[in-house]
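See structure below.
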Amino acid sequence: MASNEDSIRLEVTRYRPDGDSEPQLQEYDVPLRREWTVLDGLNHVKDEVDTTLSFRWSCRMGICGSCGMNVDGEPKLTCATFLSDYAPGPIRVEPLSNFPIIRDLVVDIDDFMQKLPKVSPWIIRDDDVTEIDGEYLQTPEELDAYKQFSMCINCMLCYAACPVYGLDPEFMGPAAIALAERYDLDSRDHGARERLDVLIEHEGVWGCTFVGECTTVCPKHVDPAGAIQRYKLKAAKENVKAFVLPRFLQ
Ligand code: FES
């Protein structure tokens, strides 16, 4: 049955690694309601049509970052993507690109989770915390300096959009690098040097070819592409200080 005025067709990836040889598309017609998101459509399928369909979600509010999928080829939070924006359809719903598929629309996030701690995403101090009396205070201006980077919800849309990560999974990737800048910009932190040492490695910032899709698809308006370019500049300055200037000063 083709999509009609009251329904819209979803073409959804079905895949069982231990059964199917290749991912297949399965079609489902779901009610086209103005307030329904793609995630609502998938939940309708799960509840009313086919209980075997697998996908991740939790908050339905664009907060938890778990419902990321490719919608008509673009990485999206499905809880924040409305069916009506794709009318009359059909809408193709696929798992995020660049990640192994565990089942249907569920991808393996292990590689992503292992990359985040590599940039030491915590406050690093160079003083003795036992000597500090009370809390580390910040002014509103100091909070503003890193606030936008703290908005990342680890939805992995930026990794799905990144052609470099698609070709080289060793690349640290946009969210991890933006996370490093979040801590570097924090007035309480002294770990910038330590993080730069990690980011200037082969799999760090230099792999980025500045396509910029990571920033384009980010639902929280974090700017990983900007962070990566700033780190490249910092690294270049460090190189000049360490290797070029000493030659002229000899
Ligand atoms: Fe939590 Fe979509 S379900 S971000």
Side-chain angles (χ1 to χ4, degrees), residues 8-15 23 25-26 28 30-87 89-117 121 146-162 165 173-179 182 213-225 227:
I8 191 162
R9 178 159 294 176
L10 302 182
E11 300 171 342
V12 181
T13 299
R14 303 304 310 270
Y15 182 53
L25 289 174
Q26 188 161 351
Y28 303 99
V30 300
L32 178 54
R33 302 205 178 129
R34 199 167 59 88
E35 72 281 12
W36 271 26
T37 63
V38 173
L39 181 62
D40 291 324
L42 292 172
N43 274 324
H44 173 82
V45 172
K46 179 91 175 168
D47 294 343
E48 307 290 338
V49 183
D50 184 348
T51 57
T52 68
L53 181 63
S54 297
F55 51 97
R56 283 198 184 102
W57 64 281
S58 181
C59 71
R60 298 174 76 173
M61 298 171 68
I63 302 286
C64 73
S66 65
C67 70
M69 298 168 212
N70 277 5
V71 179
D72 272 4
E74 277 184 68
K76 296 274 190 189
L77 291 182
T78 52
C79 72
T81 303
F82 289 88
L83 292 172
S84 55
D85 287 343
Y86 294 82
I91 308 173
R92 187 162 290 193
V93 187
E94 299 167 295
L96 288 178
S97 307
N98 303 335
F99 295 95
I101 305 173
I102 293 176
R103 180 170 170 147
D104 297 338
L105 300 162
V106 178
V107 295
D108 185 341
I109 66 172
D110 282 358
D111 182 62
F112 175 75
M113 296 305 289
Q114 283 163 16
K115 284 187 159 68
L116 297 181
Y146 68 86
K147 192 173 170 198
Q148 196 54 41
F149 288 94
S150 70
M151 296 296 178
C152 174
I153 56 172
N154 295 330
C155 62
M156 308 189 307
L157 303 196
C158 55
Y159 283 69
C162 175
Y165 181 64
I177 298 173
L179 184 62
R182 176 256 174 268
E213 278 300 298
C214 51
T215 291
T216 304
V217 301
C218 177
K220 296 297 171 186
H221 310 294
V222 177
D223 178 20

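Remember, it's 1-based here, ligands and their atoms both numbered in the order they're listed.
With a cut-off of 2.8 Å, atom 1 (Fe) of ligand 1 has an N, O or S atom of Cys64 in range. Checking Cys79 against atom 2 (Fe) of ligand 1, an N/O/S atom falls under the 2.8 Å cut-off. Distances from atom 2 (Fe) of ligand 1 show that Cys59 has no N/O/S atom below 2.8 Å.
When each atom of ligand 1 is checked for a heavy atom of Ser58 under 4.0 Å away, the hits are 3 (S). When each atom of ligand 1 is checked for a heavy atom of Cys67 under 4.0 Å away, the hits are 2 (Fe), 3 (S), 4 (S). If you number the atoms of ligand 1 from 1 as listed, the ones under 4.0 Å from a heavy atom of Gly62 come out as 4 (S).
For the residue pair Arg14 and Thr52, a side-chain donor N or O sits within less than 3.5 Å of a side-chain acceptor on the partner.
In this structure, Leu77 and Leu157 approach most closely via the heavy-atom pair N-CD1, 3.8 Å.
Put simply, the side chain of Asp104 gets close to the backbone of Tyr15: a donor and an acceptor are under 3.5 Å apart. The main-chain N or O of Leu53 is found under 3.5 Å from a side-chain atom of Lys46 such that the two form a donor-acceptor pair. Using a distance-only test at 3.5 Å, with no hydrogens or angles considered, no donor-acceptor pair links the side chain of Thr81 to the main chain of Val38. The main-chain N or O of Thr37 is found under 3.5 Å from a side-chain atom of Asp40 such that the two form a donor-acceptor pair.
Taking a cutoff of 4.0 Å between a charged side-chain nitrogen and a carboxylate oxygen, Asp72 and Arg92 do not qualify as a salt bridge.
In terms of protein heavy-atom proximity, atom 3 (S) of ligand 1 is nearest to Arg60 N, 3.1 Å. For atom 4 (S) of ligand 1, the closest non-hydrogen atom on the protein side is Gly65 N, 3.2 Å.
Residue contacts with ligand 1 for Ile63 involve N, CA, C or O but no side-chain atom from C-beta outward (heavy atoms, distance under 4.0 Å).
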